[in-house]
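Report on one structure; see the data block that follows.
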Amino acid sequence: MATQALEGKVVLVTGAGSPIGLGRHMTMALVGAGARVAMLDKNAAWLEQTLAEARSVGGAACAHPIGGDITNPADAERAVAETLKHFGKLHVLINNAGTSPTAEGLMPDVRGQVTHFWDLTPEAWMRVIAVNFTGAFLMSRVAVRPMLDQK
């Protein structure tokens, strides 16, 4: 019988290293509940920092870092394959990675000022759509197959 709510479960979290979003917090909560977490992030420094924190809570085997960009289909496929190789299964995918034009450095930080959509560059728009929508699709598309196989 499991002693922790998520003991024996494997979770893949995108944007897992981020200290500015929910990625780090979700990773820490999952590890604290007994899950093993595959941590996907494109920021290597954030990933390593959160990995160290997670392992201090759940031990060396609780988390596995995976560097990659969810907007790249090959990275999405590699992340799921690496999760399966390292942990042997995948129960949950958390499509947490997200961005904004400001976070991508494509618009100035204008807190408190009115901005208009027409000031957004096509480059900024396409990056936000790629991360926030296409990335979630790519990850889900690859992760669902092993989940269905596991029933």
Side-chain angles (χ1 to χ4, degrees), residues 4-111 115 117 120-148 150:
Q4 293 180 295
L6 296 176
E7 188 174 321
K9 299 299 181 192
V10 175
V11 181
L12 172 55
V13 179
T14 67
S18 176
I20 60 173
L22 294 173
R24 176 175 288 164
H25 298 291
M26 284 192 273
T27 297
M28 297 304 294
L30 289 162
V31 166
R36 291 177 290 164
V37 180
M39 303 169 53
L40 177 61
D41 208 297
K42 71 175 191 168
N43 186 310
W46 290 354
L47 189 59
E48 284 303 315
Q49 183 178 358
T50 302
L51 176 66
E53 291 174 20
R55 287 181 172 169
S56 73
V57 170
C62 75
H64 178 71
I66 304 169
D69 184 339
I70 63 168
T71 68
N72 180 332
D75 281 1
E77 290 178 20
R78 183 178 50 77
V80 170
E82 196 169 322
T83 300
L84 293 168
K85 181 178 180 183
H86 188 80
F87 290 121
K89 51 192 159 185
L90 175 59
H91 298 103
V92 177
L93 167 66
I94 298 178
N95 277 313
N96 168 69
T99 196
S100 70
T102 303
E104 290 292 322
L106 300 170
M107 292 241 345
D109 188 345
V110 291
R111 294 175 207 198
T115 59
F117 78 89
L120 190 62
T121 66
E123 175 192 28
W125 174 257
M126 288 189 275
R127 179 64 185 163
V128 169
I129 294 298
V131 174
N132 296 353
F133 297 102
T134 304
F137 163 75
L138 293 172
M139 291 301 303
S140 297
R141 180 180 170 273
V142 178
V144 73
R145 296 183 202 293
M147 289 181 191
L148 288 172
Q150 294 167 175

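No experiment lies behind these values; they were computed from the predicted model shown. Numbers here simply count residues along the sequence, with the first being 1.
Salt bridge status for Asp69 with Arg127: present, with a side-chain N to carboxylate O gap under 4.0 Å.
Side-chain contact between Leu30 and Ile94 is present, with at least one heavy-atom pair separated by less than 4.5 Å. Leu12 is not listed as a side-chain neighbour of Val92, based on a closest heavy-atom distance of 4.5 Å or more. Counting only heavy atoms from C-beta outward, the side chains of Val11 and Val13 approach each other to under 4.5 Å. You'll find the side chain of Leu6 stays beyond 4.5 Å of the side chain of Arg36, heavy atoms only. Considering only heavy atoms from C-beta on, Val10 comes within 4.5 Å of Thr83 through its side chain. Proximity of Cys62 to Val57: side-chain heavy atoms (C-beta onward) are nowhere separated by under 4.5 Å.
Separation of atoms CE (Met139) and CG (Asn95) is listed at 6.5 Å; rounding is to 0.5 Å. Atom CD of Gln150 sits about 8.0 Å away from atom NZ of Lys89, to the nearest 0.5 Å. Residue Met39 holds its CE atom at 12.5 Å from CH2 of Trp46, rounded to the nearest 0.5 Å. Summarising the geometry, atom CD1 belonging to Ile70 is positioned 9.5 Å from atom OG belonging to Ser140; distances are rounded to the nearest 0.5 Å.
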- Task: Would you check, one step at a time, whether the test side chain to side chain contact (heavy atoms under 4.5 Å, CB included) holds for Val142 with Leu138?
- Result: CA-CA 6 Å; Val142 178; Leu138 293 172; 5.8 Å; no
- Message: Applying side chain to side chain contact (heavy atoms under 4.5 Å, CB included) to Met126 and Thr121, what does each step give before you reach the verdict?
- Response: CA-CA 9 Å; Met126 288 189 275; Thr121 66; over 6 Å; no
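Here the shortest heavy-atom pairing between Gly67 and Leu47 reads N-CD2, 4.0 Å. Residues Gly98 and Asn132 approach most closely at CA-OD1, 3.1 Å, considering heavy atoms. Residue Ile66 comes nearest to Ala38 through the heavy atom pair CD1-CB, 4.0 Å, listed as atom of the first residue, atom of the second, then distance. Of all heavy-atom pairs between Ser100 and Val128, the closest is C-CG2, 3.7 Å. Shown here for Asp75 and Gly68, the closest heavy-atom pair between the two residues is OD2-CA, 3.4 Å. Of all the heavy atoms in Ala54 and Thr27, the pair that sits closest is CB-CG2, 4.3 Å.
Under the 30°/60° scheme for interplanar angles, the aromatic rings of His86 and His64 are found to lie parallel.
For the pair Glu7 (side chain) and Ala35 (backbone), a donor-acceptor distance under 3.5 Å is absent. Here the side chain of Thr14 pairs a donor or acceptor atom with the backbone of Ala97 at under 3.5 angstrom.
Other residues, nucleotides and ligands contribute more than 12 heavy atoms inside 6.0 Å of the CZ atom of Arg55.
Taking Thr50 as the reference, Arg24 meet the side-chain hydrogen bond (donor to acceptor under 3.5 Å, both in side chains) condition, with sequence neighbours excluded.
With 3.5 Å as the limit, one finds no donor-acceptor pair spanning the side chains of Ser18 and Asn43.
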